[in-house]
K.L.:
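Questions regarding the structure given below will be posed in turn.
Order of the sequence lines sets the chain letters (A, B, ...), proteins ahead of strands, with each chain counted from 1. The shown structure was predicted, so the numbers you read here are calculated from the model rather than taken from an experiment.
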There are 2 protein chains.
Amino acid sequence: MGVHVTYHHGNLRKELLDRAAIVIADQGIDALSLRALARDLGVSHAAPSRHFKDRATLLAALATEGHQRLTDALNTAADAVGDDPVARYNALGCEVIRFALRNPAYFSAIHHPEVQRHSARALEEARVAYGETVRAAAAAAQAAGWHPDEDLETLVIFSSATALGAANMLIDDHADAHLTEAELNDLAAKIIRRVIPASTKEL
Amino acid sequence: MGVHVTYHHGNLRKELLDRAAIVIADQGIDALSLRALARDLGVSHAAPSRHFKDRATLLAALATEGHQRLTDALNTAADAVGDDPVARYNALGCEVIRFALRNPAYFSAIHHPEVQRHSARALEEARVAYGETVRAAAAAAQAAGWHPDEDLETLVIFSSATALGAANMLIDDHADAHLTEAELNDLAAKIIRRVIPASTKEL
DNA sequence: CCTTCGAAGTTGTCATTGACAACATAAAAG
DNA sequence: CTTTTATGTTGTCAATGACAACTTCGAAGG
């Protein structure tokens, strides 16, 4: 009688994260509710607590995954432009903005204040890995002649700040929806070129 | 007997905003609760609703005030460095970061997504006034020789993005509390100098 | 095998919150 | 004076996060 197709969902953790990403992407991070998530997936209101102690923990998991994906995306983008360290760092900047626009949920989870303080092991590691990817690329660009007289720390903060700020601003503009994806990419490229040229030759 | 010192609080709107700024500054914008605010000020839980229809409306009011104060601060900072348009725009950048660090509540209200969409008359006007202040200063700097070949729009976005991103990053670092105010100011100045030099002579 | 034990889901409950409605009072306008 | 109107108050509701106690499934070891 009771056709218990699945008492155990089997895969809830992953589906919670995926669904959360969708909800955040189109309703914003504040609209994320654990109970609503549970309803969407057809489980009871307390089921999520088996996987995430609370809202902040779920967001931290999203941020961790976001950091990993972002780091991967950056490496891929850099490799796609070849060996020139300046071109590679330029590509990193562009990719940060593109990633933010394509993955608003990961991006906002990464930078959400509630998550910033939440320090879990996995999250810390993902953060560090990301930071080192950026730092190493910046150091290589500097060694290739990019602002040789400025200290590396300042350059990293400067370029990260520009990419971060640009991503935020473009996400807002995107919401107002009067820019195509191509236009956004062009604009991003122009902005990053103010930070670092697209190749060593232009230095 | 009933010593009704004040049934009418007299000044609730302003005190709500002030108290909200304090709460946000040290607990973050998510921790802001209308009921807690009411308790703090010794009024009933529904009193705030006479002045702000809901949480978003209160935040919008904070953002409006924030925009006005920021605009004033920018004008003051620019005037303090004299007539050189390049120096003035550099001062604007530094002041944005300083303002963000000194007024985290206004700053986060201004950029909170829940507020971005909330479009009230007063807020729109404050936003426009701020935008024009920045845009005019950028145009003047360009006329004085700053990146004469780039389009103004890109330059405005680039410089705003850097200031915005730097403010966000430094606020986070500030929370980790291993930077003095003087160090933060120095770092901010160094970052902004990557955007625009401190005077026309250095162009 | 079969049994027990732990991981994953469920129901039930509580305090907190935002939102709203109905009521009360102070202060100003007539 | 009296009437209105802004401002506070009490009462209530539905939604939520958090927690506790109970259930069920599946796997690991005897």
K.L.:
Hey, does the side chain of B/Ser33 come within less than 4.0 Å of C/dG18's phosphate (OP1/OP2), counting only N and O?
P.N.:
yes
K.L.:
Once you round it to whole Å, what is the distance between P of D/dT7 and NZ of B/Lys53?
P.N.:
17 Å
K.L.:
Among C/dT11, D/dG17, D/dT10, which nucleotide sits nearest the side chain of B/Ser44?
P.N.:
D/dT10
K.L.:
Return the nearest nucleotide to the side chain of B/Arg35; candidates are C/dG18, D/dG11, D/dT16.
P.N.:
C/dG18
K.L.:
By the 4.0 Å heavy-atom rule, please label A/Arg39 as base, sugar-phosphate, or nothing.
P.N.:
sugar-phosphate
K.L.:
List the steps and the verdict of salt bridge (Lys or Arg N to Asp or Glu O under 4.0 Å) for A/Lys190 and B/Glu153.
P.N.:
CA-CA 11 Å; A/Lys190 276 190 189 174; B/Glu153 185 63 15; over 6 Å; no
K.L.:
Return the CZ to CZ distance between B/Arg13 and B/Phe52, rounded to the nearest 0.5 Å.
P.N.:
4.0 Å
K.L.:
Between C/dA19, D/dG8, D/dT9, which one does the side chain of B/His51 approach most closely?
P.N.:
D/dG8
K.L.:
In whole angstroms, how far is the C1' atom of C/dC14 from the NE2 atom of A/His45?
P.N.:
12 Å
K.L.:
Does the side chain of B/Thr57 come under 3.5 Å of the side chain of B/Asp54 through a donor N or O and an acceptor N or O?
P.N.:
yes
K.L.:
Would you kindly give the CG-to-P distance between B/Leu59 and C/dG18, to the nearest whole Å?
P.N.:
11 Å
K.L.:
Whole angstrom is fine here: how far is it from CZ in B/Arg13 over to P in D/dT7?
P.N.:
10 Å
K.L.:
In whole Å, what is the span from the CG atom of A/Leu12 to the C1' atom of D/dC25?
P.N.:
15 Å
K.L.:
What integer distance in Å separates A/Asp30:CG from D/dA15:C1'?
P.N.:
16 Å
K.L.:
Closest to the A/Ala46 side chain: D/dA20, D/dT9, C/dA19?
P.N.:
D/dA20
K.L.:
What is the distance from CG of A/Leu37 to C1' of D/dA15, rounded to the nearest Å?
P.N.:
15 Å
K.L.:
Would you check, one step at a time, whether the test side chain to side chain donor-acceptor pair (under 3.5 Å) holds for B/Asn168 with B/His111?
P.N.:
CA-CA 10 Å; B/Asn168 276 317; B/His111 295 103; over 6 Å; no
K.L.:
Between the base of D/dG8 and the side chain of B/Arg50, is there a donor and acceptor pair under 3.5 angstrom?
P.N.:
yes
K.L.:
Taking the nucleotide of DNA chain D with the closest heavy atom to each, which residue, A/Asp54 or B/Ser49, is nearer the 5' end?
P.N.:
B/Ser49
K.L.:
Begin with the C-alpha distance, continue with both residues' side-chain angles, and end with the deciding distance and a verdict on side chain to side chain contact (heavy atoms under 4.5 Å, CB included) for A/His112 and A/Asp30.
P.N.:
CA-CA 10 Å; A/His112 197 294; A/Asp30 295 319; 4.3 Å; yes
K.L.:
How long is the line joining CG of B/Leu16 and P of D/dT7, in whole Å?
P.N.:
12 Å
